[in-house]
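Excluded from the calculations below are hydrogen atoms, water molecules and symmetry mates; all remaining heavy atoms, backbone and side chain alike, are included. Remember, predicted model here, so these are calculated numbers, not experimental data. Chain naming here is simple, since letters A, B, ... match the order of the sequence lines and numbering starts at 1 in each.
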Protein chains: 2
Amino acid sequence: MLLSKSCVYGLRASLYLAGHQSENYIPIRQMSDKLEISFHFLTKILQQLTSAGILESYKGPNGGVRLIRSGEDVTLMEVVLAIDGDYMLTQCALGLPGCGVMKPCPIHEKWAETRDKIRDMLESTTLTELAKKGKDLDLRITAEGGFEDL
Amino acid sequence: MLLSKSCVYGLRASLYLAGHQSENYIPIRQMSDKLEISFHFLTKILQQLTSAGILESYKGPNGGVRLIRSGEDVTLMEVVLAIDGDYMLTQCALGLPGCGVMKPCPIHEKWAETRDKIRDMLESTTLTELAKKGKDLDLRITAEGGFEDL
DNA sequence: AGGTTTTAAGACTCTTTAATCTTAATATAA
DNA sequence: TTATATTAAGATTAAAGAGTCTTAAAACCT
């Protein structure tokens, strides 16, 4: 699997936040209900995004989480790095340690090109861009229903 | 991780076979020693490639496995599909069931483009091509040492 | 036939990831 | 200041992936 489940959940939650952007904090419970993700599991994932400086959280009534910066600035890459790390973007296709231009494996070159495509996509796509697209076209970030139901 | 460990081992073993192509069967023990992969684990992986019609095996003295067709014909895609399946190439980036042009998620379009790049690379690369490159440049398919040591 | 070499197959264990549960800490508000 | 709402953190359980071990089956050789 390209992205871990944690990472996929993190992306969906981030898109949710980008689509509900306001000054207010959004309770995790609300997100876990809407997105149908286990509350406690989602909480831990969002903690990773918080400590990575992507979200900020607030406890108590009317607390929750929200994007620190506008979703305009936040790329998919940031979310992926915060949760899955850079493993996917650095690891050799044959799993060999230290694979690179100095000590390549036979697949290295082609693989590096392919990886760069993935990297470019993740770096050039922002949360706001996708959330806007989701709203405009009523696309979904949950199994059933569209963006409007969120 | 993009490819499972089983898949990576399968690729390395397939490259080994492509680099030793002959009429003879290659014992799995020899491969597991050279490639530093657990014998029993490698055996299971090669069984998958055998039942997928990529390898054929023979028991008893002078037995082992070999590529059914020339490595010229075998693409990386075939090996990946036999071991990891098409999950990576079909799965939605947000993990939503049935994501496609009819019911897309906001990332679907960009993701599909990126996935196609991966697909193209895997489909256009053959074992022989990589094994030849590995021999010519003495690249490695094991942590230490080059192709020549195999 | 009997012993040896090899793959095949299944049971088992270990590790990592995913998910849940419980308790603590923090903030609000009546 | 007490009750409530919320995130934080750690312990625990469940499931999947990775790896090992044992036994069986097939083929060869003497």
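- Within 6.0 Å of atom NZ in B/Lys132, 12 or fewer heavy atoms from other residues, nucleotides or ligands are found, so the atom counts as exposed in its surroundings.
- Counting only residues at least two apart or in different chains, salt bridge (charged side-chain N to carboxylate O under 4.0 Å, His left out) contacts with residues 77-95 of chain A comprise A/Arg69-A/Glu78.
- Below 30°, between 30° and 60°, or above 60°: for B/Tyr9 and B/Phe41 the angle between ring planes is above 60°, a perpendicular geometry.
- By the neighbour-count criterion of 12 heavy atoms within 6.0 Å, atom CD of B/Glu109 is sparsely surrounded, having that number or fewer from other residues, nucleotides or ligands.
- Note: CD (A/Gln48) to P (D/dA8) measures 12 Å, nearest angstrom.
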Response to the item:
Its contact letters, B for base, S for sugar-phosphate only and - for none at protein heavy atoms under 4.0 Å, make nucleotides 18-30 of chain D read SBBBB---SBS--

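- Side-chain contact between A/Met77 and A/Leu89: present, with at least one pair of heavy atoms (C-beta onward) separated by less than 4.5 Å.
- Other residues, nucleotides and ligands contribute at most 12 non-hydrogen atoms within 6.0 Å of the CG atom of B/Asn62.
- Contact annotation: the side chain of A/Ile54 approaches that of A/Leu67 to within less than 4.5 Å [non-hydrogen atoms, C-beta and beyond].
- If you walk DNA chain C from 5' to 3' and mark each nucleotide with an atom closer than 4.0 Å to a heavy atom of chain B, the marks span C/dT5 to C/dA11.
- Results of the side chain to side chain contact (heavy atoms under 4.5 Å, CB included) test with B/Val79 over B/Leu49, B/Ile45, B/Leu122 single out B/Leu49 as the only residue that passes.
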